[in-house]
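Read through the structure below, which is laid out as structure tokens, and then see the notes.
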Amino acid sequence: MWGKQFNSKRTQLVGACVALCVATPFGSFAQDGLRATLDFTSRLETVSESGFTSPVREGERIVNGLDLEVSSENAARLLEFSAGGDLTYNFNEDVEDQTEIEDPRALLRYSLDSVQSAVDIVARYRRTDVDNANFFDAATGDIETGQGDRTNVSVNTDLIFGRESPTTFSLNHLYSRDTFSGETDGDTSDRTTNRVDTRLLFQVTPVAAVGLVGSYRDVDQDDADASDQTDQSIGIVTVYDLSNVLTLDAQLTYDEATSTDPTVEDTEGLGFSIDLDRELNNGSVSFGLSSEETVNGARQQAVIRRTMLLPRGTLNYSLGATRTGDSSLDPLLGLGLSYEVSPLSNVRINLTQESDIDDNDNETIRTRLDLDYTQVFNEISSITASAGFASQNAIDDVNDVDRSSINAALTYRREVGADWDMITGIEYTSSRRDDRSDRDRTTVFFGLEKTFDLRP
């Protein structure tokens, strides 16, 4: 299949990119823009749990957290490294591990930017609660719920060549490896995801460009009962400026969708997408219509988007609908708001919904909602409130399990001298599945934190 050949070429290109980064002398970064920060936090927590098979964090505990970030940046290049984690001690002898390292994480980023090209490589590592993993960008698969940990290792590569030339090439590659440990319940399976998206454009006139597009996505699951999935497409694309403010982006593709599940039929056929974007005085409005082949049939979507510049912020929202195969029509909503309520307070809202195939080959609607609010009282005190919601709901499949995760936090911060901050507040998390009782955790905390900033 053409996908295997494409995969081999993609691997060679990513390897060449990594080699380029290694070959770049790191000494040049030390000339300007070097900065290092270290965040230290020490908290006393009281944790209450319900719905867990055994105590995980129940009781009083001490949490000491460290976050280190080192970056070197100039006009064209960025090298960034960060790492952190929490060392905890629980006074409750009934928990499985009284002393534990929680949420270890690391990130390495390299960026190279010029007029004609750009390279951005980000490698991440994180081990965290399965429920909490739903709120991090590294998540690439289902919204998971369950007791235990999820470890994610990922590498994301973005390449752009010829940005100001008649021929432009872009490539995005994601490698992600998820493994689960501990008392993870549900139907989780260790998995490896590879995803590639490419686009080659030729500028044929001052207002028109044509080119080729290709995509490849492969999910390899370790469990014998879990199904592997492969989606690939190749096609042609055109970008045309209908006027100074109106742009058309259209593509026609040939799609293939396969699964190792013997009860699911492989599909292939034509897909398309049409996007119209119109610039306005205070933002833009766009309309998109698309169809693509999946293992459950053709997925058809239509969406209207609006972006606006507000006097003290930005707003974007979207309204759409999706249907796959013979399923019912389902709405897709989107909302993004960043707004300065007053000079001392601001709010941020982000809502996204998407239709996708879950790890059991069922069509699902995934919803993510993030809320943040900050209120500064004076030069030494402030309060922040945040909330997150992630859910996955199956479409027309009574055998699949709907699941969701919720987190919320309220924190008061006050300077107490010598650049130390006192922090106190409350956190709440909840994990819910159709096939089991809810799990809830409430944490009340009090502590101190300090940021050490070094800029030689």
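Keep in mind the model is a prediction, meaning the values are calculated, not measured.
- No donor-acceptor contact under 3.5 angstrom links the side chains of Thr37 and Asp453, judged on distance only.
- Between the side chains of Glu363 and Ser355, at least one donor-acceptor pair of N or O atoms lies under 3.5 Å.
- Looking only at distances, a side-chain donor or acceptor of Gln353 sits under 3.5 Å from a matching main-chain atom of Leu333.
- Donor-acceptor pairing under 3.5 Å is lacking for the side chains of Thr88 and Glu100.
- Atom-to-atom distance recorded for Ile365:CD1 and Thr324:OG1 is 7.5 Å, nearest 0.5 angstrom.
- Between the side chains of Asn194 and His173, at least one donor-acceptor pair of N or O atoms lies under 3.5 Å.
- A salt bridge links Asp356 and Arg366; the closest N-O separation between the charged side-chain nitrogens and carboxylate oxygens is under 4.0 Å.
- The environment of Ile101 atom CD1 is sparse: at most 12 non-hydrogen atoms of other residues, nucleotides or ligands sit within 6.0 angstrom.
- Using a 3.5 Å distance cut-off with no hydrogens or angles, the side chains of Ser405 and Ser431 do not pair a donor with an acceptor.
- Annotation: the span from Glu415 atom CD to Trp420 atom CH2 amounts to 13.5 Å, rounded to 0.5 Å.
- Side-chain N/O atoms of Arg163 and Gln116 include no donor and acceptor closer than 3.5 Å.
- Going from atom CG of Asp86 over to atom CZ of Arg105 covers 5.5 Å, rounded to the nearest 0.5 Å.
- A cation-pi geometry, defined here as NZ or CZ lying under 6.0 Å from the six-membered ring centre and within 45° of its normal, holds between Arg43 and Phe445.
- How far CD1 of Ile406 is from OG1 of Thr429: 9.5 Å, rounded to the nearest 0.5 Å.
- Using modelled atom types, one finds no donor on one side chain facing an acceptor on the other under 3.5 Å when comparing Asp330 with Thr322.
- Asp158 and Asn172 form a side-chain donor-acceptor contact under 3.5 Å, judged by distance and modelled atom types alone.
- Using modelled atom types and a 3.5 Å distance limit, the side chains of Ser176 and Asn152 yield a donor-acceptor pair.
- Interatomic distance, Phe377 CZ to Leu344 CG, rounded to the nearest 0.5 Å: 10.0 Å.
- Annotation: side chain of Asp255 is not in contact with side chain of Gln232 (no heavy-atom distance under 4.5 Å).
- Note: Arg348 CZ to Asp372 CG = 4.0 Å, rounded to the nearest 0.5 Å.
- Judged by distance alone, with hydrogens and angles left aside, the side-chain atoms of Asn316 form no donor-acceptor pair with the main-chain N or O of Leu335 at under 3.5 Å.
- There is a side-chain donor-acceptor pair under 3.5 Å between Asn64 and Ser42.
- The main-chain N or O of Thr443 is never found under 3.5 Å from a side-chain atom of Glu427 such that the two would form a donor-acceptor pair.
- Residues Arg439 and Asp131 are paired through a salt bridge, judged by an N-O separation under 4.0 Å between the basic side chain and the carboxylate.
- In this structure, the side chain of Ser165 engages the main chain of Thr167 through a donor-acceptor pair within 3.5 Å.
- With no hydrogens or angles considered, no side-chain donor-acceptor pair links Thr442 and Ser48 at under 3.5 Å.
- Side-chain contact of Asp277 with Thr247: a donor-acceptor pair under 3.5 Å is absent, judged by distance alone.
- Inspection of the Asp361 and Gln229 side chains reveals an N or O donor paired with an N or O acceptor under 3.5 Å.
- Side-chain polar atoms of Arg432 and Ser404 form no donor-acceptor pair below 3.5 angstrom.
- A salt bridge links Glu102 with Arg61: the closest approach of a Lys/Arg side-chain nitrogen to an acidic carboxylate oxygen falls below 4.0 angstrom.
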Walk me through whether Asn346 and Tyr339 qualify under side chain to side chain donor-acceptor pair (under 3.5 Å). CA-CA 6 Å; Asn346 60 77; Tyr339 189 71; over 6 Å; no

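- Between the side chain of Asp358 and the backbone N or O of Asn360, at least one donor-acceptor pair lies under 3.5 Å.
- Judged by distance alone, with hydrogens and angles left aside, the side-chain atoms of Gln203 form a donor-acceptor pair with the main-chain N or O of Ala208 at under 3.5 Å.
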